[in-house]
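Heads up: the structure comes next, in structure tokens.
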Amino acid sequence: MSKNDEPKVLENQNGGAKWREFPGLLWRGMGMGVAEAIPGVSGGTIALITGVLGRMVDAIHSVDMTSIGLLIRFRLQAFFERVHWKFLLMLFSGQLLGILMFTKVIPLPSLLRSHPEPLLGLFFGVILGSIILLARQSGKPGLKGILAYAGGLAIGSVVVASVRASTPDAPWFLAVSGALAICAWILPGISGSFILLLLHKYDVVWEAVTFSNGVPFVQNVFTMILPFALGALAGLVTFARVLSFVMNRWPKRTTMAMNGLLIASLWAIFPFQHAIYETVSSGKEKLVAVRPYLPSMESMDTMKVLALVFMVTGFGLILWVDRLARKANPSQESTQTEIPGETTA
């Protein structure tokens with residue numbers, strides 16, 4: 001290989017971050033991990049409002065075919081010089097802690113089943129706050145912006161409506177689920193867990209990755225975790241490029257479309273809903289549909305009141321996080337809630 005054929009190393013990376021950034025990236029990652037464990041809350045949105053989405057997309061973009069080739073050929077020094085490994089390590093460590101917190105320490109799937117209204121109220125408030133932040137960041141929509149909102153809303157509505165579909169548990173479909181969920185993970189406006197819920201793979205995936213499904217270890221790894229992880233990796237490598245291109249070329253329109261997706265997801269996480277389950281052959285129950293409703297004053301009970309309280313709490317929490325992010329870096333306030341390529345109006 002000639003000198004000109006050597007893989008080009010991106011400049012000024014230093015692993016994508018400095019070690020002193022670890023505490024800040026850790027808590028941002030934890031926020032993303034908590035969000036990704038919650039159906040309807042986007043880790044991409046948390047990345048957006050805490051000001052790390054642009055760096056995250058760039059870091060993911062650094063894991064391309066060239067860097068993978070370097071790894072396969074055991075050219076580790078060149079690999080680590082090219083990839084934003086420090087940034088990914090710090091952020092992903094926080095995400096892992098956040099996910100474990102709400103799947104092992106606090107068994108979120110079980111709590112959603114036993115106390116759905118308060119938790120959905122919290123998630124609804126967080127989503128509503130995120131919608132306001134994204135709308136503020138994108139500014140006045142205009143005709144093209146309205147079309148972007150409408151397009152995102154239409155796509156989101158189709159996704160929400162597809163919750164009635166049944167899906168197989170085969171490894172190939174877990175790989176497809178991983179690819180789609182990781183796309184939503186990058187995307188500010190829709191949740192990876194929400195996609196898994198729509199694909200009827202929320203419980204399946206989280207129980208598999210936390211080894212709480214009762215499946216033998218080797219079988220669990222090779223028939224469930226590995227297919228999902230490979231699908232997620234494929235989606236990560238390919239979709240990150242598409243997202244980077246779209247977000248840099250049409251930043252405001254992309255944000256508006258994502259906000260449309262977010263608005264559509266409100267229907268699925270409305271705290272007052274009748275959940276419809278069906279029993280499968282294994283004896284487990286799976287969610288097949290939800291029917292939101294407005295409770296009357298006569299029907300208000302403790303859980304419904306808590307749902308309203310948590311809704312306000314979630315709404316205030318997301319605005320507080322945004323305020324902290326902007327306060328932490330006032331000189332770049334506009335970039336704390338904007339996507340890559342966005343310029344201050």
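Counting only distance, with no hydrogens or angles, the side chain of T223 and the backbone of Q219 share a donor-acceptor pair below 3.5 Å. Without hydrogens or angle criteria, R28 side chain to G24 main chain gives a donor-acceptor distance under 3.5 Å. Checking side-chain atoms of S67 against main-chain N and O of S62 turns up a donor-acceptor pair under 3.5 Å. Of the possible polar contacts, one joining the E21 side chain to the K18 backbone as a donor-acceptor pair under 3.5 Å is found. The closest donor-acceptor contact from the side chain of N220 to the backbone of A208 lies under 3.5 Å.
If you take CG on N259 and CG on L153, they are separated by 10.0 Å, rounding to the nearest 0.5 Å. The CZ atom of F22 lies 10.5 Å from the CG atom of L91; values are rounded to the nearest 0.5 Å. Rounding to the nearest 0.5 Å gives a distance of 12.0 Å between NZ of K201 and CG of L180. Interatomic distance, L133 CG to L319 CG, rounded to the nearest 0.5 Å: 5.5 Å. Here the straight-line distance linking atom CD1 of I99 with atom CZ of F92 works out to 10.0 Å at 0.5 Å rounding.
Within the 4.5 Å cutoff, the side chain of F79 has no heavy atoms near those of the I68 side chain. With contacts defined as side-chain heavy-atom distances shorter than 4.5 Å, the pair P171/M224 does not qualify. Residues L308 and F272 meet the side-chain proximity criterion, which asks for heavy atoms closer than 4.5 Å. Within the 4.5 Å cutoff, the side chain of K86 has no heavy atoms near those of the F80 side chain. Between L174 and V204 there is a side-chain heavy-atom pair separated by less than 4.5 Å. Using a 4.5 Å cut-off on side-chain heavy atoms (C-beta onward), W85 and V63 make no contact. The closest side-chain heavy-atom distance from P141 to Y149 is below 4.5 Å. Taking 4.5 Å as the limit, some side-chain heavy atom of R253 sits within range of a side-chain heavy atom of K144.
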Practice problem: Before giving the answer on side-chain contact (heavy atoms from CB on, under 4.5 Å), spell out for L26 and L97 the whole-Å C-alpha distance, their side-chain angles and the decisive distance to 0.1 Å. | Solution: CA-CA 9 Å; L26 185 70; L97 289 176; 4.1 Å; yes

Quiz item: Passes side-chain contact (heavy atoms from CB on, under 4.5 Å), E117 versus L120? Steps please.
Solution: CA-CA 5 Å; E117 291 178 343; L120 287 176; over 6 Å; no

Quiz item: What do the steps show when you test F228 against L196 for side-chain contact (heavy atoms from CB on, under 4.5 Å), and what is the final call?
Solution: CA-CA 11 Å; F228 182 83; L196 293 179; 3.9 Å; yes

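The minimum heavy-atom distance linking S138 with M256 is given by the pair O-CE, 3.5 Å. When every heavy atom of W19 is checked against every heavy atom of M90, the shortest pair comes out as CE3-CE, 3.4 Å. In terms of heavy atoms, L88 sits closest to A59 at CD2-CB, 3.7 Å. A pairwise comparison of heavy atoms in P227 and F222 identifies CD-O, 3.4 Å as the closest pair.
In this structure, F211 and F217 have parallel ring planes: the angle between them is below the 30° cut-off, well short of the 60° mark.
For CD of Q77, the number of neighbouring non-hydrogen atoms (other residues, nucleotides, ligands) closer than 6.0 Å is 12 at most.
Under the 4.5 Å side-chain contact rule for hydrophobic residues, M258 and I146 do not share a cluster. Using a 4.5 Å cut-off between side-chain heavy atoms of Ile, Leu, Val, Met, Phe, Trp and Tyr, with links allowed through other members, V312 and M303 fall into different hydrophobic clusters. Under the 4.5 Å side-chain heavy-atom criterion for Ile, Leu, Val, Met, Phe, Trp and Tyr, L96 and L25 are members of distinct hydrophobic clusters. Follow the hydrophobic side-chain contacts under 4.5 Å out from M300 and you reach L294 in the same cluster. Criterion: ILVMFWY side-chain heavy atoms under 4.5 Å apart, direct or through other members. Under it, M101 and M32 are part of a common hydrophobic cluster.
Listed by chain and number, the residues in a ring-ring contact (aromatic ring centres under 6.0 Å, His included) with Y293 are H274 (sequence neighbours excluded).
A salt bridge does not link D58 with R55: every distance from a Lys NZ or Arg NE/NH1/NH2 to an Asp or Glu carboxylate oxygen is 4.0 Å or more.
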